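Everything numeric in this text was worked out from a predicted model, so none of it was measured.
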Amino acid sequence: MPKPYLQKIKPFDADKDYEISLSWTGNRSHSNRIIIRDYETNAVIWDDTVSSFSLKHTIPAHTLTNGKTYTIQAQTYDIGGNPSALSDKVLFHVFQTPDFYFHNLPQNRIVEGSSFTAEIYYYSADWEDISKYRFSLYDASGKLLLDSAEQTDALFISYTYRGLSNNTVYRIRCVGVTVNGMELDTGYQEITVRFENPNQYARLYASPVPGQGCVQVATNLVIIQYNGTDTFEYIDGMIDLRGKTLYYDKGFLIKDDYTVLIRGTNLWQNADIFKMNNDGLGLTLSSRIYDEGRLRFKLTVPNGLNNYILYSDEQVFTDSDMMTIAIRRKNNIYQLKVFQELGYSPQGNLWYGTNRPPRQLMDDLDVWLDTPGETEVVNKDSYISFLKQEEPTDAIRNDLWIGGD
């Protein structure tokens, strides 16, 4: 005998009405019935029949109890009252809707910068864990601008929106799903990006315009736009270019004498570091490690049929050292100079020892522990933090354990 088929039932909140759908291939259905049982006791919780040609049935709010599991069967009746066979049992869960919202939206929804790290507060009274989620960015009209990659970190649900335009309204949203398939949605949350462009890097030149009662203002600041497709991270105020290339191919032209400063870490490598080019003219800065464990920087400048080549002094440094490379052109004569920034300390390091490190070597997020021995710095990327009651067995020197009695 034919029997109806219950379409998939996702976890839902029992404090709200929920509509289920049936599939049926027999005589036209005049009414349908559903029977819901407690999964643990098999006791009938709800047995209800509705007269409707529509193969739908609503479970009213508060009929079931959140945090429990149930089974459901369905049955249809034709116009003569003849019943179909009962459908197969379907298992489903009901949960209280978890809290899922942006908890760090700024005051008045105004973002004072070109990037914003959105954080989600998630809490389930029924211990229903989140499985995966995705962030989205829309313009003011609701047009989708970007979707993040699917994420699964259940402890810190966040995403950094980058490259936001000044004086612009956006909408941000996060959708997710729990381990049992309950859908989550923050809804569209509007933010306004409004910030002041810093001018400490620009030099303004003002000169009066005779006879017109006004002043002409000029600056040597040129705004250029990256034209690639890669995305980049900024760590301790520096762009991370490891394994990536950043290039600009329009927006400016250097015609006269200049000085270029290249400052960075992780420069102990055989690589081309920096290039400038214009119609075949330009320069290339590269580095090479020699057998004796020393490194030289090389500047190559095309000069007719040959190349104009300069080498730096031999250098010995580590990847954590901050290096500055200066390239200067004066009347078509080039100079190459390399400096090592002594005492450089990446933001967020851990220090330990008997003497507090000098203020100029510590950033706001550094941590100093007063312990016996000489004062040492531990780079934030080279130690592991353990947060547990018992002492870890796999910790090594400079690791950090927080726990115990």
Side-chain angles (χ1 to χ4, degrees), residues 1-101 103 120-134 150-157 173-187:
M1 180 180 293
K3 55 186 178 182
Y5 169 77
L6 280 161
Q7 297 185 14
K8 183 178 180 180
I9 301 177
K10 296 180 180 180
F12 62 92
D13 191 334
D15 293 336
K16 303 175 183 178
D17 291 349
Y18 184 80
E19 186 179 76
I20 64 171
S21 299
L22 312 176
S23 295
W24 168 247
T25 57
N27 294 333
R28 185 177 184 184
S29 172
H30 184 265
S31 61
N32 63 73
R33 172 194 182 198
I34 60 172
I35 306 169
I36 298 177
R37 290 182 170 86
D38 186 298
Y39 175 72
E40 295 182 352
T41 66
N42 205 39
V44 175
I45 303 300
W46 199 54
D47 188 337
D48 185 59
T49 302
V50 297
S51 296
S52 172
F53 292 111
S54 173
L55 293 173
K56 296 182 182 297
H57 204 121
T58 298
I59 303 173
H62 309 296
T63 301
L64 307 177
T65 303
N66 279 324
K68 300 196 67 173
T69 302
Y70 298 92
T71 61
I72 184 173
Q73 286 181 289
Q75 192 174 33
T76 63
Y77 297 86
D78 63 18
I79 195 170
N82 299 308
S84 71
L86 286 169
S87 70
D88 295 332
K89 287 185 177 180
V90 172
L91 189 75
F92 68 95
H93 309 276
V94 290
F95 301 114
Q96 180 178 326
T97 302
D99 295 330
F100 186 75
Y101 56 85
H103 76 91
I120 293 291
Y121 176 82
Y122 178 79
Y123 171 76
S124 169
D126 300 308
W127 297 88
E128 173 74 351
D129 290 334
I130 190 170
S131 172
K132 54 188 177 182
Y133 51 90
R134 183 190 303 272
E150 191 173 83
Q151 301 182 53
T152 58
D153 184 355
L155 296 179
F156 189 57
I157 306 174
R173 182 188 184 195
C174 184
V175 297
V177 63
T178 68
V179 291
N180 284 302
M182 194 173 196
E183 295 180 347
L184 308 166
D185 192 342
T186 62

For the [atom1] atom on [X], are there more than 12 heavy atoms of other groups (residues, nucleotides or ligands in this structure) within a distance under 6.0 Å?
X     : atom1 : answer
Gln7  : CD    : yes
Tyr39 : OH    : no
Leu86 : CG    : yes
Lys89 : NZ    : yes
Glu19 : CD    : yes

* To do: Could you walk me through whether Thr25 and Tyr5 pass the side-chain contact (heavy atoms from CB on, under 4.5 Å) test, one step at a time?
  => CA-CA 9 Å; Thr25 57; Tyr5 169 77; over 6 Å; no
Side chain [X], main chain [Y], donor-acceptor under 3.5 Å:
X      : Y      : value
Gln75  : Ser84  : yes
Asp17  : Ala61  : yes
Gln73  : Ser87  : yes
Glu150 : Lys132 : no

* For the pair Asp78 and Arg28, evaluate side-chain contact (heavy atoms from CB on, under 4.5 Å) and give the outcome as yes or no after the intermediate values. => CA-CA 6 Å; Asp78 63 18; Arg28 185 177 184 184; over 6 Å; no
* **Residue from Asp38, Ile36, Ile35 passing side-chain contact (heavy atoms from CB on, under 4.5 Å) with Val44** =>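 Testing each of Asp38, Ile36, Ile35 against Val44, the sole residue satisfying side-chain contact (heavy atoms from CB on, under 4.5 Å) is Ile35.
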Quick one: [atom1] on [X] to [atom2] on [Y], what's the gap to the nearest 0.5 Å?
X     : Y     : atom1 : atom2 : value
Asn32 : Leu22 : CG    : CG    : 5.0 Å
Thr76 : Ile34 : OG1   : CD1   : 13.5 Å
Asp88 : Ile72 : CG    : CD1   : 13.0 Å
Ile45 : Ile59 : CD1   : CD1   : 12.0 Å

Evaluate the side-chain proximity of [Y] to [X]: yes if any heavy-atom separation is below 4.5 Å, no if none is.
X      : Y      : answer
Asp185 : Arg173 : yes
Trp24  : Pro2   : yes
Tyr133 : Gln151 : yes
Ile120 : Ile130 : no
Val175 : Leu184 : no
Ile20  : Phe12  : no
Glu128 : Val179 : yes

* So, Asp126 and Asn66: side-chain donor and acceptor under 3.5 Å apart, yes or no? ->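 Per modelled atom types, Asp126 and Asn66 side chains form no pair under 3.5 Å.
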* To do: Kindly indicate, with the supporting measurements, whether the criterion side-chain contact (heavy atoms from CB on, under 4.5 Å) is fulfilled by His57 and Val50.
  => CA-CA 7 Å; His57 204 121; Val50 297; 3.6 Å; yes
Minimum heavy-atom separation for [X] and [Y], please, with both atom names.
X      : Y      : value
Tyr122 : Ser124 : OH-CB, 3.8 Å
Ser51  : Ser31  : CA-CB, 3.7 Å
Pro4   : Ala85  : CD-O, 3.2 Å

For residues 92-101, run the donor-acceptor check on the side chains, cut-off 3.5 Å, and write out each pair with its distance to 0.1 Å, sequence neighbours left out.
from	atom 1	to	atom 2	distance (Å)
His93	ND1	Thr69	OG1	3.1
Thr97	OG1	Asp13	OD2	2.7

* Given His30 and Phe53, is the side-chain contact (heavy atoms from CB on, under 4.5 Å) satisfied, shown in steps? -> CA-CA 5 Å; His30 184 265; Phe53 292 111; 3.8 Å; yes
* Asked: What pairs meet the salt bridge (Lys or Arg N to Asp or Glu O under 4.0 Å) rule with one or both residues in residues 44-55, with sequence neighbours excluded?
  ->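 Salt bridge (Lys or Arg N to Asp or Glu O under 4.0 Å) check on residues 44-55 returns Arg33-Asp47.
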